[in-house]
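So the structure is just underneath, and the comments pick up after that.
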Amino acid sequence: MCGIVGAIAQRNVAKILLEGLSRLEYRGYDSSGVAINNETGVRAHRAVGKVQALRDKFDAVPLDGKQGIAHTRWATHGKPTEANAHPHFSGDDLALVHNGIIENHAPLRRELKEKGYEFKSETDTEVIVHLIHDALKSEPDFLQAVKNTLKRLEGAFAIAVTLNHENERMIAARKGSPLVVGVGIEENFVASDQLALLHVTDQFIFLEEGDVVEVTRDGVTIFDAQDTVQDRPVHVFNHNVDATDKGEYRHYMMKEIYEQPKVIAACLEGRISETKVLTSCFGVDSSFLKDIENVHIVACGTSYHAGMVAKYWIEDLAGLPCSVEVASEYRYRKVAVPKNTLFLTLSQSGETADTLAALRMAKELGYLTSLAICNVPSSTLVRESALTLLTNAGAEIGVASTKAFTTQLTALLITSIAIASEKGALSAEKEAELVTSMRSLPAHIDEALKQDAAIKKVSDRFANKHNALFLGRGPMFPIALEGSLKLKEISYIHAEAYPAGELKHGPLALVDEDMPIITLVPHNNMLDKLKSNLQEVAARGGELYVFADKDTDLHNEDGVIFTEVPKVDEILEPIVHTIPLQLLSYHVAVVKGTDVDQPRNLAKSVTVE
Ligand code: M6R
């Protein structure tokens, strides 16, 4: 999604801004731009494609100045062209970058056109900069003119604005899109993501909904939604040296796949004892666990798939009804909330617009409490939820979620066991058994990663495929969904997932020798039923890619390509079976030569509807 960086310093900020944009590349974008203030005015470069194209423009025509704003754009209104790339200008003096969507841009555009403003782009953003320009005609104070303008905007935004002759301050604001202030020594910054500023500071102030901030070299003044000056705390970033470095790996995605044993161990740390889940991991007061009678899980994409697995665990272990829904649907319907229902959100980024909107709606609906399982401690979701369980996966840079997913599953298993135990649905012996299994998880993931070379070989067979079917049963069905999403996202192969028992109700019509069928085989009472489903496919000439442990008695044979998955306790199977599917989609994408870490059209953090 779009990214913002702004800087005001005693030194030239061009390099700082360009480096900030490079650090935001992982979020997904299609064009970029920078505007710099100096004594001669505000000047900009914009470029379509990678930030390198923008750097090339700076090499050809350098822009120097001690104040500037920069942006990576992920197209929503208008194609990815140079004209649509930010910063947008009104006249030569006023430049602005924007994340989010202005929903009332059409009437505002009409109004501004009637006043004689000419639009150079198709973006919704351009209305904001012209509105500020117009406001400055009757309100000469820059800060006040921006504040007056923001009152007219409907939708979501984070903005940074710079004005010629105002070389001592820039203005930024947020409502619905994240924005942080980076605090330096005689220099200050803003950005949509703190990772964009780690090369210049590790001290951050997280702006809240409705905040407007005046940023100077010497300090920042924050006005809240009621226009009252607020003193917000400065947080020191906990550096994880690995986070933004690919190390020995060709892609972040592969690095993140291989980090899973380590981050799953980090997710478990301090949350389980020898025999129990430590309910203190939800905060000092964990009494809410006893009161839960229902669970509603709401999330998007991969996080939604993690929620679907948890439904099986919560209903099985705790015996409580659990429903799972995508946030973009939940937020627009009338929801019936049974008494004592836990509202549980899942999000890697904690900034997904639909999930945040769902949480805000849920807060009005009388839930027992809200719990966020999230990877980013400073995120809006964490700050706005009553309770949090962090996944501790470390920064995930690849757009395709991998370690965030398996740590979400780990955190959900912790939560399911905690609820079951506190509700009295789990004996002490069973809880101890489950906890012992969980402790073995990092080692099993390590074991699963050993199939990398074998899976790489299998992936060659996918290079010319246009479609794929994924099958699973029980909690392996959401894993099949996740496997198909991974393949779609990074290799652009159309893939669908079905509960294996559904095959004969329609999708079997698609099966022929060109259709790879990827099947996740659990080692439980569904094994024989699944084997029958495989027969249905084999009988129609379909090519079967089977992922199973060796005791399932499945192996390579005509039409069956077998990949071994470590044998683990049933409860862990969905987590361990995820690994080969991640590796498969990764290697297929590499064979196909796609942009693995930044697949086309996608963004890491989906901060718009
Ligand atoms: O940050 P979140 O977990 O809330 O993001 C939700 C989805 O946008 C995300 O999982 C998306 O589906 C990933 N690209 C999947 O790999």
Side-chain angles (χ1 to χ4, degrees), residues 1-2 26-29 74 177-178 192-193 195 251-254 256-257 260 297-310 324-331 344-360 371-385 388-409 411-412 470 478-479 481-493 495 497 578 581-586 588-589 594-609:
M1 279 285 109
C2 301
Y26 79 95
R27 293 166 64 101
Y29 69 105
W74 185 79
S177 290
S192 47
D193 178 333
L195 289 182
H251 297 102
Y252 283 111
M253 182 180 175
M254 196 52 150
E256 289 157 3
I257 289 174
Q260 291 176 106
I297 301 180
V298 174
C300 301
T302 287
S303 298
Y304 166 66
H305 296 155
M308 287 178 75
V309 176
V324 192
E325 194 166 349
V326 287
S328 54
E329 289 297 316
Y330 175 90
R331 65 181 286 194
L344 200 169
T345 52
L346 292 160
S347 174
Q348 186 287 128
S349 62
E351 302 295 350
T352 301
D354 285 321
T355 309
L356 285 172
L359 170 65
R360 288 170 190 153
L371 168 65
I373 292 186
C374 186
N375 193 35
V376 181
S378 56
S379 64
T380 311
L381 191 73
V382 167
R383 281 181 284 129
E384 294 191 9
S385 298
T388 303
L389 187 60
L390 292 174
T391 46
N392 294 342
E396 189 180 68
I397 307 288
V399 163
S401 207
T402 52
K403 61 176 181 170
F405 178 66
T406 48
T407 51
Q408 279 174 344
L409 290 175
L412 283 164
F470 285 70
I479 302 304
L481 280 169
E482 174 58 12
S484 73
L485 177 66
K486 285 287 92 84
L487 192 70
K488 275 191 273 243
E489 271 188 304
I490 61 168
S491 74
Y492 315 149
I493 292 176
T578 301
L581 299 190
Q582 295 171 342
L583 291 168
L584 180 71
S585 59
Y586 172 81
V588 173
T594 60
D595 190 344
V596 172
D597 285 331
Q598 293 165 32
R600 69 184 181 203
N601 306 337
L602 298 182
K604 182 68 186 161
S605 182
V606 185
T607 51
V608 294
E609 255 197 274

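Remember, it's 1-based here, ligands and their atoms both numbered in the order they're listed. Along the sequence shown, residues are numbered consecutively beginning with 1.
Under the side chain to side chain donor-acceptor pair (under 3.5 Å) criterion, Thr391 pairs with Asn375, not counting sequence neighbours. Partners of Thr302 by side chain to side chain donor-acceptor pair (under 3.5 Å), not counting sequence neighbours, listed by chain and number: Glu482, Lys486. Legend: residues meeting side chain to side chain donor-acceptor pair (under 3.5 Å) with Ser385, ordered by chain and number and at least two apart, are absent.
Checked by atom type, the side-chain pair Thr406/Gln260 shows a donor-acceptor distance below 3.5 Å. No side-chain donor from either of Ser379 and Glu351 sits under 3.5 Å from a side-chain acceptor of the other.
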Could you go through ligand 1 and note, for every N or O atom, any protein N or O atom closer than 3.5 angstrom, writing the atom names and distance to 0.1 Å, or 'none'?
from, atom 1, to, atom 2, distance (Å)
ligand 1, 1 (O), Ser347, OG, 3.4
ligand 1, 1 (O), Gln348, N, 3.4
ligand 1, 1 (O), Ser349, N, 2.9
ligand 1, 1 (O), Ser349, OG, 2.6
ligand 1, 1 (O), Thr352, OG1, 3.3
ligand 1, 3 (O), Ser303, OG, 2.6
ligand 1, 3 (O), Gln348, N, 2.7
ligand 1, 4 (O), Ser347, OG, 2.6
ligand 1, 4 (O), Thr352, OG1, 2.5
ligand 1, 5 (O), Thr352, OG1, 3.4
ligand 1, 10 (O), Thr302, N, 3.1
ligand 1, 12 (O), Thr302, N, 3.3
ligand 1, 14 (N), Val399, O, 3.1
ligand 1, 14 (N), Glu489, OE2, 2.5
ligand 1, 16 (O), Thr302, OG1, 3.3
ligand 1, 16 (O), Ser401, N, 2.8
ligand 1, 16 (O), Lys486, NZ, 3.0
ligand 1, 16 (O), Glu489, OE1, 2.7
ligand 1, 16 (O), Glu489, OE2, 3.0

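Salt-bridge check for Lys403 with Glu396: failed, with every basic side-chain N at 4.0 Å or more from each acidic carboxylate O.
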